[in-house]
Protein chains: 2
Amino acid sequence: MILMDTNEPEWIYSKLHEQGLKVIRKKLEIADYIVKVHEYVIPVERKTSNDYVASIMDGRLFKQLFELSTNYPFSYIVVVGIISEALMDRGFSRRAFISSLIGSSLKRSPYGCRGQVVTINLETDYDFILFLYFLHRKLMEGDVERLPRINVRKRDRKEALIMMYSCIPGVGVDRARKLVEVFDTPEKLIRAPIYQIMRVEGIGEKLAYKIYRFLHGGVEDEIGGTTTR
Amino acid sequence: MILMDTNEPEWIYSKLHEQGLKVIRKKLEIADYIVKVHEYVIPVERKTSNDYVASIMDGRLFKQLFELSTNYPFSYIVVVGIISEALMDRGFSRRAFISSLIGSSLKRSPYGCRGQVVTINLETDYDFILFLYFLHRKLMEGDVERLPRINVRKRDRKEALIMMYSCIPGVGVDRARKLVEVFDTPEKLIRAPIYQIMRVEGIGEKLAYKIYRFLHGGVEDEIGGTTTR
DNA sequence: CCTAGAAAGATATGA
DNA sequence: TCATATCTTTCTAGG
């Protein structure tokens with residue numbers, strides 16, 4: 001059985017149906033498709049090459065990878081279209097692209113036990129239909145080894161916190177990391193008086209005030225300082 | 001440090017050297033290259049697209065995947081060249097190709113603690129050099145299991161808050177936006193009791209609990225999982 | 001994602 | 001204690 005997000009094009013639905021697959025349209029939270037066979041549940045994210053490149057640029061891809069790999073032991077991202085053309089369209093450098101490929105492959109799981117995400121590049125949507133068809137068939141045939149169970153690491157909480165703290169203006173990843181060491185829950189950070197925030201390495205008086213104001217509201221602060229109005 | 005098989009072309013060696021990488025030529029058993037940084041040992045198999053297609057056909061690819069994944073926790077196969085052209089050259093059908101692609105991605109990974117093999121397709125050998133360069137650099141930087149930097153403009157307070165809230169597991173941009181409407185400072189969110197969080201549109205009981213626990217510490221939660229209480 | 005550069009802040013040093 | 005120089009971090013812009 002294949003679950004298909006309601007946002008996906010109608011004609012793909014028809015085509016899949018033609019192939020004799022049982023498809024159900026539904027609003028999906030995480031991926032665009034979910035292939036369910038026996039005990040296997042494999043999400044598939046379909047992206048046009050253009051969207052793929054764009055999502056690398058704005059960081060959406062990494063969030064999605066994170067979502068997929070923390071929620072499923074195994075999933076696919078299928079890029080449809082010719083990537084190098086999309087790169088040209090967007091004026092995206094090859095260096096940046098290659099680097100982000102490595103970044104995503106390294107980040108998604110390497111030495112831990114998170115789920116893995118396989119990225120596949122196909123040329124046309126027709127290939128994509130084939131892809132789903134074969135994926136379904138292989139699973140039916142049981143031509144798979146048992147999928148691993150994912151165990152979410154404690155680190156995930158910490159990473160989410162780091163991300164959270166680094167949303168505070170003036171706080172980047174480095175300072176966020178140090179903040180997490182001291183304030184391991186948002187509550188602690190909120191309850192901390194300014195002098196305590198100041199004690200964190202890399203955070204001085206001015207910044208501590210700014211952080212405090214951001215958390216508690218206070219006076220609207222000029223972010224970045226130079227506000228030429 | 002990069003180990004490079006003696007069979008690999010001389011000019012790649014020179015190029016890598018130019019990039020300031022320390023390369024040692026050596027007869028390698030398993031892969032063509034091995035990138036060693038800190039505790040990481042990552043083998044890289046370089047294949048021309050022609051050879052890739054051929055190795056799918058005669059089953060060599062499966063053997064190599066097996067070798068890599070049983071000996072190393074993480075490795076790369078880098079296919080250099082345009083695959084669809086290689087398919088034409090060899091008279092290999094798209095169906096067969098896609099089918100075997102799935103076959104190898106399903107087989108290579110799953111089960112137990114076997115390593116995963118990531119396949120990447122690049123167009124030119126120059127890209128391949130870049131690939132090794134960045135792989136080495138990322139490992140040096142320890143940029144391995146780190147989350148991506150969030151690069152959104154923090155131009156105003158509200159945007160920053162939305163980003164911040166959306167770092168909470170289970171909260172995406174949409175929910176974050178609604179949260180900000182109700183809790184316009186992090187302090188208010190922290191001080192809110194669960195029933196108040198629940199009242200926000202799109203947030204149910206379970207999620208409200210999860211959010212609360214994330215903010216206040218509480219029991220370690222499995223992201224996306226059901227929570228026992 | 002990358003690069004590069006500007007701006008702001010933290011820190012060390014010496015008088 | 002306070003200025004000044006230096007290093008680090010964040011943020012912005014453009015590809």
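Sequence lines set the chain letters: A, B, ... in the order given, protein chains first and strands last, and positions in each chain run from 1.
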Quiz item: What is the distance from CZ of Arg177(A) to P of dT8(D), rounded to the nearest Å?
Solution: 17 Å
Self-check item: Minimum-distance nucleotide (side-chain atoms of Lys206(A) versus dG9(C), dT9(D), dG15(D))
Solution: dG9(C)
Self-check item: Of the listed nucleotides dA10(C), dT11(C), dT3(C), the one nearest the side chain of Glu201(A)
Solution: dT11(C)
Exercise. Whole angstrom is fine here: how far is it from OH in Tyr133(B) over to P in dT3(C)?
Key: 7 Å
Quiz item: For Glu205(A) and dG9(C), what is the distance between atoms CD and C1' respectively, to the nearest whole Å?
Solution: 12 Å
Quiz item: dT9(D), dC11(D), dC2(C): which one has an atom nearest the side-chain heavy atoms of Pro169(A)?
Solution: dC11(D)
Exercise. Measure across Ala31(B) and Asp5(B) and return the closest heavy-atom pair with its distance rounded to 0.1 Å.
Key: O-CB, 4.4 Å
Quiz item: Under 4.0 angstrom, heavy atoms only, what part of the nucleic acid is Phe97(A) near: base, sugar-phosphate, or nothing?
Solution: nothing
Quiz item: What is the distance, rounded to the nearest whole Å, between atom CG of Leu179(A) and atom C1' of dT10(D)?
Solution: 14 Å
Practice problem: Mark yes when over 12 heavy atoms from residues, nucleotides or ligands other than Phe92(B) sit less than 6.0 Å from its CZ; otherwise mark no. | Solution: yes
Quiz item: Is there a donor-acceptor contact under 3.5 Å linking the side chains of Gln196(A) and Lys188(A)?
Solution: no
Quiz item: Which listed nucleotide (dT10(D), dG15(D), dT3(C)) is nearest to the side chain of Asp174(A)?
Solution: dT10(D)
Quiz item: Nearest of dA10(C), dC1(C), dT3(C) to any side-chain atom of Ile56(A)?
Solution: dC1(C)
Quiz item: Is any side-chain N or O of Arg95(A) closer than 4.0 Å to OP1 or OP2 of dT3(C)?
Solution: yes
Under 3.5 Å, which protein N or O atoms sit close to an N or O of nucleotides 3-5 of chain D? Give each pair with its distance.
none

Self-check item: Heavy-atom closest contact (Glu187(A) atom, His216(B) atom, distance)
Solution: OE1-CD2, 3.1 Å
Quiz item: Looking across every strand, which nucleic acid part, if any, lies under 4.0 Å from Ile203(A) by heavy atom: base, sugar-phosphate, or nothing?
Solution: sugar-phosphate
Quiz item: Nearest-Å distance, CG (Asp51(A)) to C1' (dC1(C))?
Solution: 15 Å
Practice problem: On DNA chain C, check which nucleotide each of Ser99(A) and Ala208(A) is closest to and give me the residue with the more 5' one. | Solution: Ser99(A)
Quiz item: Yes or no on side-chain hydrogen bond (donor to acceptor under 3.5 Å, both in side chains) for Tyr76(B) and Ser105(A), after CA distance, side-chain angles and deciding distance?
Solution: CA-CA 9 Å; Tyr76(B) 284 103; Ser105(A) 58; 2.5 Å; yes
Self-check item: Nearest to side-chain heavy atoms of Leu207(A), which nucleotide of dG15(D), dG9(C), dT10(D)
Solution: dG9(C)
Exercise. Evaluate the side chain to side chain contact (heavy atoms under 4.5 Å, CB included) criterion for residues Val78(B) and Glu45(B): first the C-alpha distance (whole Å), next the side-chain angles of each, then the deciding distance (0.1 Å), finally the verdict.
Key: CA-CA 6 Å; Val78(B) 181; Glu45(B) 174 81 19; over 6 Å; no
Quiz item: What is the distance, rounded to the nearest whole Å, between atom CD1 of Ile77(A) and atom P of dC1(C)?
Solution: 14 Å
Quiz item: Toward the 5' end of DNA chain C, which comes first, Val200(A) or Phe134(B), by nearest nucleotide?
Solution: Phe134(B)
Quiz prompt | Spacing between Phe214(A) atom CZ and dT10(D) atom P, to the nearest angstrom | solution = 15 Å
Quiz item: Between Glu123(A) and Ser84(B), does a side-chain hydrogen bond (donor to acceptor under 3.5 Å, both in side chains) hold up when you go through it step by step?
Solution: CA-CA 8 Å; Glu123(A) 279 187 25; Ser84(B) 60; 2.7 Å; yes
Exercise. Compare every heavy atom of Gly202(B) with every heavy atom of Arg175(B), then report the nearest pair and how far apart it is.
Key: NE-O, 2.9 Å
Exercise. Could you tell me the separation between the NZ atom of Lys210(A) and the C1' atom of dT10(D), rounded to a whole number of Å?
Key: 9 Å
Practice problem: May I ask you to say what Arg90(A) touches in the nucleic acid, namely base, sugar-phosphate or nothing, with a heavy-atom cut-off under 4.0 Å? | Solution: nothing
